[in-house]
Amino acid sequence: MTNDEISEVLSNISNLLQIQGDDTFRARIYDRAAEAIDVLSADLHQLAEEERLRSIPGIGQAIEGKIVEMLETGRCRFYDDLVEEMGAEVLDLLAIRGVGAKTAGRLYRELCVKSLADLRAAIDGDRLKQMKRMGAKTIATIDEGLRFLETQQAMRPLWQILQIASTVFEALKNCSDVKRVDFTGDFRRREEMLRSLDFIVECADTGAIVEVLSGLDGVASPIIQADLHIAASVDRGFPLRVHCVSAEAYEAALLATTSTDAHLVRLNQIAAAQALEAIGQPPPDWSANKTESDLYGKLGLPFIVPELRGDANSIEAALAGNLPTLIETSDLRGDLHTHTNWSDGRHSIREMVEAAKAVGHEYIAITDHSQSSRVANGLSPERLQEQIQQIREINTEIDGIEVLAGSEVDILRDGSLDFPDALLAQLDIVVASVHAGFSLSETEMTERMIRAIENPFVKIIGHPTGRLLGQRPGYAVNLDAVSDAAAAHRVALEINASPSRLDLEPSAVRKARVRNVLLSVNTDAHATAQLQHGAFGVNVARRGWLTKIDVLNTYSLAALKETIS
DNA sequence: GCCGTTTTCGGCCCGACTGTTTTCAGTCG
């Protein structure tokens, strides 16, 4: 098992113990151990071999034993027994905004709520009212949080499906009956939230596909459906579909399955105007043996990339000759939002800088948290001074990359910043973000963010809506007003590339672009490996119609410095 | 369950905010 997997098990143990009503101090120890492993730069296997697991703060004899068991057997019996007894679904309750371990525990023990569905039934059956300290407002908050999760239940964040997606892709590719395979559907359009995982294969034998899928860990109940589709599920009931087609029909089917209905309907209107049969299932004769490019060409259109096939707008733009040349991941020349172990990151400044250099970046900004973010070990003004000093030294010692001294400074409730201007003035770049006080009204939040934008030292607004994919909607804010202010003050809005954020989202990016806002695709990396997450952000940027010049960190170092000076 | 003791049990932790209370319990970042 990997560090991350072991950390997750320990964190789940902590939550299950708390829900069960165990001693909170005992339960929290598991969470602290999970956190300690989460920020650990060393490999647990290595530490175990050297018998140094106990050197990790918060890990004693008992947890050491469980870690060793997991490393050796891939299982933890103590955890398995808890799951056996309580069910794994009770952990889903903790994803609800406003429900922590205490409330989940009371719901579990007093109302026998063991899943989101149980909670829905309890709320609808008015059973929460009977609990102590459970007033109308609290119930409404829980109901609202649950409703949000219910809207997300049929979807999965892209990152959560990535691993199994690549496993299935490789297995299909290696199947001797399969001549060709591609991703299609939501995944190929690079949606950040998927409704299904779709593949298209050139293969005459659907039975062979079922056989391949049956042999894969993490894929459940593959069956052949009518019209050569194979349906299965992955990741607790998430739909997986494989479309089997002939060589002649392959690319027409790829086009049809990649496009949303809106995109395909518009394409077929154009086809109809030329007296051509509609593209669909089965593909018409005129499309046989044509590539996707040929098919668009036949309709008088340039090739439209999958990311822009979510609606018909790209077709209108193409007809008008206004299709943008979209940004590529290779256009990114630096990262302007990263963390180190000075605050809540895993690695040192030097490690982050070396890793950024390995990614191919020309510059990296170190932007640790500011003093108000106490849980994130935010830097005091004194520590920031010290860090600036150290960054300047490292910059002279390391060749081939420029290290910028920065800060991800909190935007306080009133829109003022968490550090005085005199300190911000010493930094090369300031990212300003909201980390607390999410419940302001839209007007207040908008004013708060605009006030931050108006600060002359602020160059980027970090994760502008605060959303967490599938977990938390963004806070109420008027993004049009924020965009206008950002454009006026030449402050960039961030596309936070952290796969669990992807904030701004594509439609907001597109609106910002129309308002002449500069954007910045940053990883918000808290560990060296996360410096490679830029591609997730570029997906969003592409779906938001961005070209290279719309994105601050595609600039050369000189151009960047001029822009942010 | 972990940690650190003038060493074997007693205390664990960060502060703002909210809702349900009338002094506090719980969540969140």
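Sequence lines set the chain letters: A, B, ... in the order given, protein chains first and strands last, and positions in each chain run from 1. The figures that follow rest on heavy atoms only: side chains count, while hydrogens, waters and symmetry mates do not.
If you find the closest nucleotide of DNA chain B to A:His435 and to A:Lys132, the one lying nearer the 5' end belongs to A:Lys132. A residue-by-residue look at A:Val434 and A:Glu64 shows that A:Glu64 has its nearest nucleotide of DNA chain B further toward the 5' end.
Between A:Ser439 and the phosphate of B:dT18, there is a side-chain N or O to OP1/OP2 separation shorter than 4.0 Å. Within the structure, every side-chain polar atom (N or O) of A:Ser372 is placed at least 4.0 Å from both OP1 and OP2 of B:dG15.
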Report, one line per pair, each donor and acceptor closer than 3.5 Å where one atom sits in a side chain of residues 383-390 of chain A; sequence neighbours left out.
{"unit_1": "A:Arg383", "atom_1": "NH2", "unit_2": "A:Trp342", "atom_2": "O", "d": "2.6"}
{"unit_1": "A:Gln387", "atom_1": "NE2", "unit_2": "A:Asp368", "atom_2": "OD2", "d": "2.8"}

Evaluation steps, side-chain hydrogen bond (donor to acceptor under 3.5 Å, both in side chains), between A:Thr2 and A:Asp4: CA-CA 5 Å; A:Thr2 64; A:Asp4 285 350; 5.4 Å; no
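Checked by atom type and distance alone, the side chain of A:Arg190 never pairs as donor or acceptor with a backbone atom of A:Val540 at under 3.5 Å. At least one donor-acceptor pair under 3.5 Å links the side chain of A:Arg448 to the backbone N or O of A:Ile411. One N or O on the side chain of A:Lys459 and one on the backbone of A:Pro456 form a donor-acceptor pair closer than 3.5 Å.
Under the 3.5 Å distance criterion, with hydrogens and angles disregarded, a donor-acceptor pair is assigned to the side chains of A:Ser14 and A:Gln18. A donor and an acceptor atom, one from each side chain of A:Ser500 and A:Ser498, are located under 3.5 Å apart. Between the side chains of A:Thr528 and A:Glu351, no donor-acceptor pair is found at a separation under 3.5 Å.
Look at the C1' atom in both B:dC2 and B:dT7: the space between them is 15 Å, to the nearest Å. For the C1' atom pair drawn from B:dA25 and B:dT20, the interatomic distance equals 9 Å after rounding to whole Å. Nucleotides B:dG11 and B:dT6, compared at atom P, are 13 Å apart to the nearest Å. When the C1' atom is compared between B:dC28 and B:dC13, the two are found 15 Å apart, to the nearest whole Å. B:dC12 and B:dC17 have their C1' atoms separated by 24 Å, with the value rounded to a whole Å. A gap of 15 Å separates the C1' atoms of B:dT23 and B:dT18, to the nearest Å.
What separates CG of A:Asn377 from C1' of B:dG15 is a distance of 15 Å, to the nearest Å. Separating the CG atom of A:Asp31 from the C1' atom of B:dC13 is a distance of 13 Å, rounded to the nearest angstrom. Rounded to whole angstrom, the span from the CD atom of A:Glu35 across to the C1' atom of B:dC14 amounts to 12 Å. If you take CZ of A:Arg413 and P of B:dC28, they are 16 Å apart, rounded to a whole angstrom. To the nearest angstrom, P of B:dC28 lies 17 Å from CG of A:Leu440. Straight-line distance from the NZ atom of A:Lys102 to the C1' atom of B:dT18: 16 Å, rounded to whole Å. If you measure from atom CD of A:Gln61 to atom C1' of B:dG1, you get 11 Å, rounded to the nearest angstrom. Atom CD1 in A:Ile56 sits about 11 Å away from atom P in B:dC3, given to the nearest Å.
With a 6.0 Å radius and a threshold of 12 heavy atoms from other residues, nucleotides or ligands, A:Arg451 has its CZ atom above the threshold.
Of all nucleotides listed (B:dC12, B:dT18, B:dG29), B:dG29 comes nearest to the side chain of A:Phe438. Picking from B:dT27, B:dG15, B:dC28 the nucleotide with the shortest atom distance to the side chain of A:Arg374 gives B:dG15. Comparing B:dG1, B:dG26, B:dG29 by their nearest atom to the side chain of A:Arg97 picks out B:dG29.
For A:Lys129, the salt bridge (charged side-chain N to carboxylate O under 4.0 Å, His left out) partners are A:Asp126, not counting sequence neighbours. In terms of the salt bridge (charged side-chain N to carboxylate O under 4.0 Å, His left out) criterion, A:Asp410 has no residue partners (sequence neighbours excluded). The ring-ring contact (aromatic ring centres under 6.0 Å, His included) check on A:Phe438 picks up A:Tyr475, with sequence neighbours excluded. Considering only residues two or more places apart in sequence or on other chains, A:His339 meets the ring-ring contact (aromatic ring centres under 6.0 Å, His included) condition with A:His337, A:His369, A:His526. Applying the ring-ring contact (aromatic ring centres under 6.0 Å, His included) criterion to A:Phe187, with sequence neighbours excluded, gives A:Phe183. Residues that satisfy the ring-ring contact (aromatic ring centres under 6.0 Å, His included) test with A:Phe419, not counting sequence neighbours, are absent from this structure.
A heavy atom lying under 4.0 Å from DNA chain B marks none of the residues of residues 65-76 of chain A. Within residues 1-26 of chain A, the residues having any heavy atom under 4.0 Å from DNA chain B are, by residue number, A:Asp23, A:Phe25, A:Arg26. Taking every heavy atom of residues 133-149 of chain A and every atom of DNA chain B, pairs under 4.0 Å involve A:Arg133, A:Gly135, A:Ala136, A:Lys137, A:Thr138, by number. Of the residues in residues 463-478 of chain A, those placing a heavy atom less than 4.0 Å from an atom of DNA chain B are A:Arg472, in numerical order.
Pairs of residues two or more places apart, or lying in two chains, that qualify as salt bridge (charged side-chain N to carboxylate O under 4.0 Å, His left out) and include a residue from residues 45-61 of chain A are A:Glu50-A:Arg52, A:Arg54-A:Glu64.
Note on A:Ala62: only backbone sugar-phosphate atoms sit closer than 4.0 angstrom, heavy atoms only; bases stay farther off. Within 4.0 Å of A:Ser373, counting heavy atoms only, lies no atom of the nucleic acid at all.
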